[in-house]
Amino acid sequence: MTDWAEGDPLEVAPRLLNAVVSHGGVSVRLTEVEAYAGPDDPGSHAFRGETARNAVMFGPPGRFYVYFVYGMHHCANLVTGPAGDPGAVLLRAGEVVAGLDVARARRPGSSDRDLARGPARLCRALGIDLTHNGVRLDVVAGEGPLQTSSGPRVGLRRAAERPWRFWVTGDPTVSTYRPASVRRPAGA
DNA sequence: CTTCGGATTGGCT
DNA sequence: GCCAATCCGAAGA
């Protein structure tokens, strides 16, 4: 991987579309990503400064920032750096293009189309968990004409309206949009 | 120390 | 369409 995947996450994110990420014997062509900036982005884990959890985001580019959510899921980002400037791009969905049988074994019962359709599913298909946080990732730039779209980020309650989600227009492996769920009313 | 809520998913109504 | 699952990081007391 070279500088095409480094720099401002807002610029890197669209370039990541159609790129191929390989890990754990499986390769995925990215069809959907989301950009997360640093201290100025209320939706970013880095918004409140560096902690043990998000430390990788503050490090050099080209590494996985993996986090654990909802008590059962992992999500993976590509840190775009530069060091000290916590930008990252969430890998939201893609198409499995190699290691299909391995990916199927990791997600029994899933259709091929759904193997990496969603950030937690993509992590599962690639065999990514917290032990891979900070690990350098293997990503190869995509080629050819590509039509992309952008829109609001998914699942956030803060700053979701920023159109920092990018996807390959019309691709069937792009996840379905789901607005952030509203929690039960404060009172009772 | 305790409480809150989450960059989601899959199953049930 | 709605909601439980299920653990942890961050914030508040």
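In what follows, chains are A, B, ... by sequence order, proteins preceding strands, each numbered from 1. If you're wondering where the values come from, they're calculated on a predicted model, not measured in any experiment. All values below were derived from every heavy atom in this structure, side-chain atoms included, with hydrogens, water molecules and symmetry-related copies excluded.
To the nearest angstrom, P of B/dT8 lies 14 Å from CZ of A/Arg117. Computed from coordinates, the A/Leu91 CG to B/dT8 P distance equals 13 Å when rounded to whole Å. The nearest whole Å value for the distance from the CZ atom in A/Phe47 to the C1' atom in B/dG5 is 17 Å. Atom P of nucleotide B/dG5 and atom OH of A/Tyr70 are separated by 12 Å, given to the nearest angstrom. Remark: C1' of B/dG10 and CE of A/Met72 are 10 Å apart, rounded to the nearest angstrom. In this structure, the CG atom of A/Leu90 is 11 Å from the C1' atom of B/dT8, given to the nearest Å. A/His73 places its NE2 atom 11 Å from the P atom of B/dG11, with the value rounded to the nearest Å. Atoms CH2 (A/Trp167) and C1' (B/dA7) sit 16 Å apart, rounded to a whole Å.
Nucleotides B/dG5 and C/dC3, compared at atom C1', are 15 Å apart to the nearest Å.
When all heavy atoms of A/His23 and A/Leu126 are compared, the pair lying nearest together is CD2-O, 2.9 Å. Residues A/Ala76 and A/Ile128 come closest through the heavy atom pair CB-CD1, 4.2 Å. What you find for A/Leu130 and A/Val66 is that their closest heavy atoms are CD2-O, 3.5 Å.
Side-chain proximity of A/Ala120 to the nucleotides B/dT9, B/dA7, C/dA11 is greatest for B/dT9. Proximity note for A/Leu156 (side chain, C-beta onward) versus B/dA7, C/dA11, B/dT9: the nearest is B/dA7. Ranking C/dC8, C/dA11, B/dT8 by closeness to the A/Phe68 side chain, first place goes to C/dC8. The A/Arg121 side chain lies nearest to B/dT9 when the options are B/dT9, B/dA7, B/dT8.
Using the six-membered ring where Trp is involved, A/His74 and A/Phe68 have ring planes that are tilted, between 30° and 60° apart.
Counting non-hydrogen atoms under 4.0 angstrom, A/Arg53 reaches the backbone sugars and phosphates but no base. At a threshold of 4.0 angstrom between heavy atoms, the contacts of A/Arg107 are confined to the sugar-phosphate backbone, with no base atom among them.
With centroids closer than 5.5 Å and planes inclined by less than 30 degrees as the test, A/Tyr36 and the base of B/dA7 pass as a stacked pair.
At C/dG9, none of the side-chain N or O atoms of A/Thr51 fall inside 4.0 Å of OP1 or OP2 (strictly under the cut-off). In this model, the phosphate group of B/dA7 is approached by a side-chain N or O of A/His45 to a distance below 4.0 Å at OP1 or OP2. When the side-chain nitrogen and oxygen atoms of A/Arg124 are compared with OP1 and OP2 of B/dT8, none of them lie within a distance under 4.0 Å. Contact between the side-chain N/O atoms of A/Arg158 and the OP1/OP2 oxygens of B/dG5 is not found at any separation under 4.0 Å.
A salt bridge links A/Asp114 with A/Arg117: at least one charged nitrogen is closer than 4.0 Å to a carboxylate oxygen.
In this structure, A/Arg153 is positioned above the aromatic face of A/Tyr36, its NZ or CZ under 6.0 Å from the six-membered ring centre and within 45° of the axis.
If A/Gly71 and A/Leu130 are placed on DNA chain C by their nearest nucleotide, the residue sitting closer to the 5' end is A/Gly71.
Summarising the base pairing, C/dG9 is matched to B/dC4 through a Watson-Crick or G-U wobble pair whose two defining distances lie under 3.5 Å.
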